[in-house]
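First up is the structure itself, then whatever we jot down about it.
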Number of protein chains: 2
Amino acid sequence: MAPAKHVAEVPCCGPLVEHALDEADAVALAAVFAALGDPVRLRILSIIASQDETCSCNLEGPLAKSQPTISHHTAKLAAAGLISGERRGRWMWWRVVPEQLAALQACLAVVDPSRTVDPSGLDGVGPLEPAQGDG
Amino acid sequence: MAPAKHVAEVPCCGPLVEHALDEADAVALAAVFAALGDPVRLRILSIIASQDETCSCNLEGPLAKSQPTISHHTAKLAAAGLISGERRGRWMWWRVVPEQLAALQACLAVVDPSRTVDPSGLDGVGPLEPAQGDG
DNA sequence: CCTTTACATTGATGATCGTCGATGGTCATT
DNA sequence: AATGACCATCGACGATCATCAATGTAAAGG
């Protein structure tokens with residue numbers, strides 16, 4: 001089958017705080033985030049990103065998933081444009097697409113200080129404050 | 001009873017390329033990304049982020065969704081720690097949690113340029129056109 | 001206290017997703 | 001050519017999700 005599956009694009013090249021997202025853009029962007037919304041895929045991406053290239057056969061072991069499941073998840077990540085696969089002999093080698101991750105980062109950019117946001121609230125914004133209130 | 005809900009935290013304070021994600025961390029992180037994996041929630045977050053505070057009543061109109069649906073989505077975003085709600089009189093006011101977005105950004109941090117990323121293979125993949133002035 | 005307004009919750013339904021077993025195709029080896 | 005190894009796809013099942021109608025709960029006003 002042709003590997004020319006539709007690769008999801010990140011439509012929001014700027015922070016989403018600038019303006020309300022269009023519906024079409026929201027659908028496209030949500031598809032990319034949805035690809036990250038699974039623990040198995042997140043671990044796959046993590047494993048691939050931690051190395052230069054990763055063979056599919058190296059994913060089944062650590063993730064304790066069957067081969068079709070791994071293939072399914074890698075296909076989803078590839079459709080989201082987060083990884084790109086290359087076939088070397090019998091093995092499939094995956095690598096991350098840094099540009100796509102960078103694009104997601106841009107979408108998650110919070111409002112800059114120049115914007116009219118109460119500075120007192122953003123002053124102490126640094127690491128993650130353990131503000132969990134379950135108790 | 002609403003505040004008793006467990007607010008998801010981003011366990012991965014560093015880039016996920018550093019090492020393979022643990023399963024528990026992957027589950028927690030995936031929950032946050034899954035909250036962003038829906039177009040409606042993405043638009044809700046966008047609308048809230050584009051303003052200082054947003055009333056729930058201002059969301060049903062632009063999104064063309066029923067009130068329970070909006071409430072459901074805002075609750076999910078709040079459970080993911082992406083927004084935080086405050087009740088002022090009869091209205092519910094939502095605002096983003098910049099720390100959580102910043103934490104997600106950190107997780108999406110790609111490997112720094114010093115690492116060996118072959119740009120030749122990424123030349124033709126670039127969905128991101130740098131020509132995005134947006135202004 | 002009662003009415004109105006606004007948000008949260010419940011129950012139900014249709015759709016999507018994650019997972020696996022089975023099958024087919026492609027490449028390397030013999 | 002035959003065999004084995006490896007990956008993608010298909011079909012199916014169970015689980016989760018998104019959505020809405022109806023109802024409950026909390027706050028503001030007379």
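None of these values were measured; they are calculated from a predicted model. Here is how names work: the chains are called A, B, and so on, in the same order as the sequence lines, proteins then strands, and each is numbered from 1.
For the pair A/R88/A/E53, a side-chain contact is recorded, criterion being any heavy-atom separation below 4.5 Å from C-beta on. Between A/L82 and A/L101, the closest side-chain pair of non-hydrogen atoms falls below 4.5 Å. At least one side-chain heavy atom of A/I44 sits under 4.5 Å from a side-chain heavy atom of A/I70. Counting only heavy atoms from C-beta outward, the side chains of B/L59 and B/I47 approach each other to under 4.5 Å. Residues A/R41 and A/L45 are not in side-chain contact: their nearest non-hydrogen atoms beyond the backbone lie 4.5 Å or more apart.
In the set C/dA28, C/dC17, C/dA8, C/dC17 carries the atom at the smallest distance from any side-chain atom of A/K76. In this structure, of D/dC6, D/dA8, D/dA28, it is D/dA28 that holds the atom nearest to the side chain of B/R90. Comparing D/dA8, C/dC20, C/dC7 against the side chain of A/T69 picks out C/dC20 as the nearest.
Using a 4.0 Å heavy-atom distance criterion, B/R41 is classed as a sugar-phosphate-only contact. Base engagement by A/S71 is indicated by at least one non-hydrogen atom pair under 4.0 Å involving a base atom.
The shortest distance between the side-chain N/O atoms of B/H72 and the OP1/OP2 oxygens of D/dT19 is not below 4.0 Å. Of the side-chain N and O atoms in B/K65, none sit less than 4.0 angstrom from OP1 or OP2 of D/dA18. Look at A/H73 and you'll find a side-chain N or O under 4.0 angstrom from OP1 or OP2 of C/dT19. In this model, the phosphate group of C/dC20 is approached by a side-chain N or O of A/S66 to a distance below 4.0 Å at OP1 or OP2. The shortest distance between the side-chain N/O atoms of B/R87 and the OP1/OP2 oxygens of D/dA27 is below 4.0 Å.
Regarding B/I70, its CD1 atom lies at a distance of 16 Å from the C1' atom of D/dA21, rounded to whole Å. When the P atom of D/dA8 is taken as reference, atom CG of A/L59 falls 11 Å away, rounded to whole Å. Following rounding to the nearest Å, A/D38 (CG) and D/dA15 (P) show an atom-to-atom distance of 17 Å. As a whole-Å value, the separation of A/I83 CD1 from D/dA8 C1' is 14 Å. If you measure from atom CZ of A/R88 to atom C1' of C/dT26, you get 18 Å, rounded to the nearest angstrom. Straight-line distance from the CZ atom of B/F33 to the P atom of C/dG18: 15 Å, rounded to whole Å. Distance CH2 (A/W91) to C1' (C/dG25): 17 Å, rounded to an integer number of Å. Residue A/M92 contributes atom CE, which lies 12 Å from atom C1' of C/dT26 at whole-angstrom precision.
No continuous path of ILVMFWY side-chain contacts below 4.5 Å connects B/V97 to B/L108, so the two sit in separate hydrophobic clusters.
By the side-chain hydrogen bond (donor to acceptor under 3.5 Å, both in side chains) test, A/S71 pairs with no residue at all, sequence neighbours left out.
Taking 3.5 Å as the limit, the base of C/dA6 and the side chain of B/Q67 contain no donor-acceptor pair of atoms between them.
A distance-only check finds no donor-acceptor pair linking the side chain of A/S46 to the backbone of A/L42 [under 3.5 Å].
Each end of the helix from C/dC1-D/dG30 to C/dT30-D/dA1 gets its own rotation axis from five pairs of C1' atoms, and the angle between them is 30° to the nearest 10 degrees.
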